[in-house]
Amino acid sequence: MIDTSTIRIEKTSQSRINELDEDNIPFGKLYSDHMFIADYIDGEWQDLRIVPYQNMSVSPAMTTLHYAITIFEGLKAYKNAAGEVVSFRPEANASRLNVSAERMCIPQVPESLFMDGLTELLKLDSAWVPSKPGTALYVRPFVFGTDEYIGVRPSNNYRFMIITCPVGSYYTKPVRVKIETKFSRAFEGGTGYAKAGGNYAASLYPARLAQQQGFDQLIWTDGKSHEFIEESGTMNVMFMIDGVLRTAPTSGTILKGITRDSVLTIARDWGMQVEEAPVKVSEVVAAAKEGRLQEAFGVGTAATIAPIATIGFEDELFDLPAADDSFFSKKVLKELDAIRTGEVEDQRGWVYKI
Ligand SMILES: *Cc1c(COP(=O)(O)O)cnc(C)c1O
């Protein structure tokens with residue numbers, strides 16, 4: 001049993017909060033004053049602590065540097081209309097971290113350890129939670145093996161950490177995406193459903209090729225036939241075709257997005273037709289050609305909703321209508337924002353007050 005009431009706190013003597021300019025937040029460069037750490041040693045999580053954000057030294061033989069024994073989560077903290085710090089469905093991140101952990105032979109992180117670490121850290125660094133519309137404090141919990149061991153085997157020791165960084169709006173412009181039909185992100189029996197470091201390393205090269213062709217992001221297709229849409233790099237994808245909201249089911253090859261679940265839940269509550277079933281690339285392409293593809297957008301914590309402006313497939317480009325306030329993607333984004341800020345009642349218990 002871990003006693004999470006014993007988090008040791010060492011406060012920084014030199015806050016960097018004056019470096020935070022809410023109107024101009026550099027993405028992923030400025031980290032808040034503190035970080036949470038817990039170490040897994042001798043089969044137990046121990047030495048829970050919050051310390052000033054700083055570099056750490058590791059062994060050159062640390063297993064994770066060689067074999068990517070590492071998993072992560074991503075969530076956000078916001079200021080609600082009353083100025084309180086809230087987070088969105090953090091328990092879902094805690095439980096997904098453990099789904100990823102199992103696949104990577106990483107020990108489970110008890111939900112209380114995750115939630116208490118998160119809560120104490122956000123309390124201490126609450127001044128780092130920006131309040132301008134579109135801004136948030138991005139929270140990155142992660143776990144990695146710390147053994148000094150060059151052989152391939154699960155690590156015996158691990159570190160769980162939480163770091164945070166303020167962020168502005170992620171994608172301001174609608175994105176251009178390419179449907180990828182050569183490279184694969186995931187395949188049956190693989191690790192696609194885990195938020196595991198190696199998945200992202202493997203996606204960099206195909207993503208770079210797409211960027212060289214003028215795209216912002218990829219839409220991955222299934223690793224076997226490349227006939228079915230899977231998801232984007234760090235977002236699930238949804239299509240509105242003939243008035244039906246379509247998205248791929250979360251099989252073993254797709255990351256089970258919390259934003260995805262929230263959007264589908266709201267759509268169903270609004271009485272919309274929702275189909276969680278394999279989406280054929282050919283169907284999307286045909287719908288785009290015939291003007292029946294009304295909307296396409298990515299859903300994920302980083303951007304919340306990222307409207308897609310252009311889809312590239314083989315040698316063709318399909319432009320989508322620009323999203324206006326009548327679009328589902330706009331309405332659902334507004335609803336999610338209103339739930340977080342407290343303007344709309346949180347009927348589903350999604351908002352967690354720090
Ligand atoms: C994190 C992630 C998502 C989105 O998940 P959220 O819980 O909505 O942030 C989707 N796909 C991939 C591959 C991801 O890594």
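Computed over heavy atoms, backbone and side chain alike; hydrogens, waters and symmetry mates excluded. Just follow the structure's listing: the first ligand is 1, and inside any ligand the first atom is 1.
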Checklist entry - With a 4.0 Å cut-off on heavy atoms, does Arg185 reach ligand 1? => result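 Distance cut 4.0 Å: Arg185 passes for ligand 1.
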Checklist entry - Is there a heavy atom of Gly233 sitting under 4.0 angstrom from any atom of ligand 1? => result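 Gly233: in contact with ligand 1 (<4.0 Å).
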Would you say [X] and ligand 1 have an N/O pair spaced under 3.5 Å apart?
| X | result |
| --- | --- |
| Asn236 | no |
| Ile258 | yes |
| Thr301 | yes |
| Thr259 | yes |
| Ser232 | no |

Identify the closest protein heavy atom to [atom]: which residue and atom is it, and at what distance?
| atom | answer |
| --- | --- |
| atom 5 (O) of ligand 1 | Gly257 CA, 3.4 Å |
| atom 3 (C) of ligand 1 | Thr234 O, 3.2 Å |
| atom 14 (C) of ligand 1 | Lys195 NZ, 3.0 Å |

Next on the checklist: If we check side-chain contact (heavy atoms from CB on, under 4.5 Å) with Ile311, which of these qualifies: Val175, Leu293, Val281?
Outcome noted: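 Exactly one option meets the side-chain contact (heavy atoms from CB on, under 4.5 Å) with Ile311, and it is Leu293.
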Checklist entry - Yes or no on ring-ring contact (aromatic ring centres under 6.0 Å, His included) for Phe160 and Tyr40, after CA distance, side-chain angles and deciding distance? => result CA-CA 8 Å; Phe160 169 53; Tyr40 187 86; over 10 Å; no
Lys/Arg-Asp/Glu bridge criterion (N-O < 4.0 Å) met for [X], [Y]:
| X | Y | answer |
| --- | --- | --- |
| Arg340 | Asp346 | no |
| Asp23 | Lys132 | yes |
| Arg49 | Asp39 | yes |
| Asp216 | Lys178 | no |
| Arg96 | Glu73 | yes |
| Glu180 | Arg185 | no |
| Glu275 | Arg246 | yes |

Show me which atoms of ligand 1 lie under 4.0 Å from any heavy atom of [X].
| X | result |
| --- | --- |
| Tyr200 | 13 (C), 14 (C), 15 (O) |
| Arg96 | 5 (O), 6 (P), 7 (O) |
| Glu231 | 10 (C), 11 (N), 12 (C), 13 (C) |

